[in-house]
Number of protein chains: 2
Amino acid sequence: MFSQSEENYLKAIYHLSAISDKGISTNSIAEKLETKASSVTDMIKKLSEKKVVVYKKYHGVHLTEEGSKIAANVIRKHRLWEVFLVDKLNFSWDEVHDVAEQLEHIKSPKLINQIDALLGFPTHDPHGDPIPDKDGNLKTIDKSLLSTLSKNEKGICVGVDDSSSEFLQFLDRKGITLGKQIKVLEREDFDDSFSILIDDKKLSISKKIANNLYIKKT
Amino acid sequence: MFSQSEENYLKAIYHLSAISDKGISTNSIAEKLETKASSVTDMIKKLSEKKVVVYKKYHGVHLTEEGSKIAANVIRKHRLWEVFLVDKLNFSWDEVHDVAEQLEHIKSPKLINQIDALLGFPTHDPHGDPIPDKDGNLKTIDKSLLSTLSKNEKGICVGVDDSSSEFLQFLDRKGITLGKQIKVLEREDFDDSFSILIDDKKLSISKKIANNLYIKKT
DNA sequence: ACCTATTTTTAGACAAGTCTAAAAATTATT
DNA sequence: AATAATTTTTAGACTTGTCTAAAAATAGGT
Ligand SMILES: [Mn+2]
Ligand SMILES: [Mn+2]
Ligand SMILES: [Mn+2]
Ligand SMILES: [Mn+2]
């Protein structure tokens, strides 16, 4: 069995692995978990003992097959709970993360399978992130950051890169929610801002926003 | 904020207080939590520092107003989650306890209030135990152990004293579930067993069972 | 290749929660 | 009231997970 803390480390390493595919550095884990590098080194040794990560001193870690499965399962639980909170309990997408961070550690296979069924076996969480299946496999859909679209390209909002409540509430205020159709009217080379069309309304989108919103081109 | 462990101690003391109303002994807490008396003494000191129990060395503890509220709230969460598991996720009444034991420690007022609403503000858990309201008040219904009924008395099954899955599964096999009408046909003085009528069928009930099943007389 | 800046690991400490074994206090028995 | 049995507390130790400060290794720049 793995402790809450161990699960959080595995999850962090899993997420970091999606970007770099090299050994995951001690510092990057520390930053993600808001802890100190020395704590990370300690924990990594323990996880290495348990055969869920491979550790080469001074050269970072990567997950073993088993470690990867455990991490994917925690992420599966996290995202299913997020869907539950939004679909069944009227939470908004910017309120779910902290609660899911707790719920993801509940140990009961039946519980999460029943939640999965109750929700109709959803494939994505409220932020557009894919939900791993029971074996830990997850299919990534084809999506692009808004910032990579060119003038006149169209698409549907399918996800966010930053799930902070500040960003999500900002999107809410602008009327941007997942599923909405958008079209790029203009790219401003000057400040990398965008002019887009959404709900038949023209909207100005800063560089920062464009770098955190995923679009599925149509 | 209170840790998972602290919450479990408060809950144990709360439950023990329902029976004795004298100072709760170190040993009884240790037994309930399956830990050692020395560990209990340590924890009690900490809880006393935090003003949630009153502690007199060698003479046991009792909850303060605040401690009682915290305990009632944990119990409220435990029982609401149990109802959720049975009503919404097809758990049977003998499967819910261990999962609820984990879920009761999730910290999110909104979460539990929404669960409460989703369930239609239930007043009792699947074992017939009352659910405390938001202020920690709980109304006890008038119920008697089957073992206290006399010949020809009638009533409805409203609760169990022992919630172990062994006992609950035993009741299931006998066809005894909450809400069912029963009538005492005979009391055997020899072994304190009972002969009862349930679903128009005659059933023999041992002393042990009669001591763990609550009836609301009608 | 050498020096410097950065990253990572080690060493030692601490808080929370638990345990065993021994001492102290309470309660029960004669 | 004295002694025996039981309960409770203390003392010291251990585990998990964390931290700070110092040492060691790596990576970068000239
Ligand atoms: Mn978490
Ligand atoms: Mn999410
Ligand atoms: Mn219960
Ligand atoms: Mn419980």
Side-chain angles (χ1 to χ4, degrees), chain A residues 1-14 16-17 19-63 67 70-71 74 101-102 104-107, chain B residues 1-13 16-17 19-63 67 70-71 74 101-102 104-105 107:
Chain A
M1 242 351 61
F2 290 84
S3 71
Q4 207 153 309
S5 194
E6 289 171 328
E7 287 187 345
N8 284 336
Y9 274 91
L10 290 174
K11 195 171 53 133
I13 297 167
Y14 185 97
L16 291 165
S17 303
I19 335 171
S20 69
D21 84 299
K22 306 241 47 171
I24 308 303
S25 76
T26 304
N27 257 0
S28 62
I29 298 169
E31 197 184 355
K32 176 149 275 202
L33 293 176
E34 291 176 31
T35 182
K36 293 297 150 72
S38 55
S39 307
V40 174
T41 304
D42 287 345
M43 179 58 90
I44 276 173
K45 285 178 183 164
K46 225 177 54 174
L47 294 175
S48 177
E49 285 289 311
K50 290 192 172 188
K51 311 281 190 198
V52 287
V53 302
V54 176
Y55 173 42
K56 259 189 65 187
K57 256 187 196 176
Y58 291 101
H59 293 86
V61 282
H62 62 90
L63 295 170
I70 294 164
V74 175
E101 204 62 41
Q102 301 175 60
E104 70 189 4
H105 303 292
I106 303 289
K107 279 158 184 66
Chain B
M1 248 342 66
F2 290 84
S3 73
Q4 210 153 307
S5 193
E6 289 170 329
E7 287 186 344
N8 284 336
Y9 275 90
L10 290 174
K11 197 171 49 133
I13 297 167
L16 291 165
S17 303
I19 333 169
S20 69
D21 83 302
K22 306 240 47 169
I24 308 303
S25 76
T26 304
N27 256 1
S28 63
I29 298 169
E31 197 184 354
K32 177 148 273 201
L33 293 177
E34 291 176 37
T35 183
K36 294 295 151 73
S38 55
S39 308
V40 174
T41 305
D42 287 346
M43 178 59 89
I44 276 174
K45 285 178 183 166
K46 226 178 53 174
L47 294 174
S48 177
E49 285 288 312
K50 290 192 171 188
K51 312 281 190 198
V52 286
V53 303
V54 176
Y55 172 44
K56 257 189 67 187
K57 255 188 197 175
Y58 292 101
H59 293 87
V61 283
H62 63 91
L63 294 170
I70 294 164
V74 175
E101 206 61 39
Q102 300 176 60
E104 72 189 3
H105 302 292
K107 279 158 184 65

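No hydrogens, no waters, no symmetry mates; every other heavy atom, side chains included, goes into these values. Chain identifiers are assigned alphabetically (A, B, ...) following the order of the sequence lines, protein sequences preceding nucleic acid strands; residue numbering begins at 1 within each chain.
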In Å, rounded to the nearest 0.5 Å, how long is the span from [atom1] of [X] to [atom2] of [Y]?
X       : Y        : atom1 : atom2 : result
B:Asn8  : B:Lys32  : CG    : NZ    : 11.5 Å
B:Ile29 : B:Ile13  : CD1   : CD1   : 4.0 Å
A:Ile24 : A:Leu63  : CD1   : CG    : 8.0 Å
A:Leu16 : A:Lys11  : CG    : NZ    : 11.5 Å
B:Glu7  : B:Glu104 : CD    : CD    : 7.5 Å

How many whole angstroms separate atom [atom1] of [X] from atom [atom2] of [N]?
X       : N      : atom1 : atom2 : value
B:Met1  : C:dA15 : CE    : P     : 21 Å
A:Leu47 : D:dT18 : CG    : P     : 11 Å
A:Asn8  : D:dT16 : CG    : C1'   : 14 Å
A:Glu49 : D:dT16 : CD    : C1'   : 15 Å

ask   = Between B:Ser48 (side chain) and B:Ile44 (backbone), is there a donor-acceptor pair under 3.5 Å?
value = no
query = Has the side chain of A:Gln102 got a donor or acceptor atom that lies under 3.5 Å from a matching backbone atom of B:Lys107?
reply = yes
Between the protein and nucleotides 23-29 of chain C, list every N/O to N/O distance that falls short of 3.5 Å.
from, atom 1, to, atom 2, distance (Å)
C:dA25, O4', B:Tyr58, OH, 3.4

ask   = If you look at every strand shown and take non-hydrogen atoms under 4.0 Å, does B:Lys56 touch a base, only sugar-phosphate, or nothing?
value = nothing
ask   = Contact class for A:Ser5 vs. all strands (heavy atom < 4.0 Å): base, sugar-phosphate, or nothing?
value = sugar-phosphate
key: Residues from residues 26-39 of chain A lying under 4.0 Å of DNA chain C - heavy atoms   = A:Thr26, A:Asn27, A:Ala37, A:Ser38
key: side chain to side chain contact (heavy atoms under 4.5 Å, CB included) partners of B:Lys45, counting only residues at least two apart   = B:Thr41, B:Tyr55
ask   = Is the closest side-chain donor-acceptor distance between A:Gln4 and A:His105 under 3.5 Å?
value = no
query = Are any of B:Lys45's side-chain N or O atoms less than 4.0 Å away from OP1 or OP2 of D:dT9?
reply = no
message = Just N and O in the side chain of A:Tyr55: are any of them under 4.0 Å from OP1 or OP2 of C:dT8?
response = no
key: Closest-nucleotide ordering on DNA chain D, the 5'-leading residue of B:Gly60 and A:Asp42   = B:Gly60
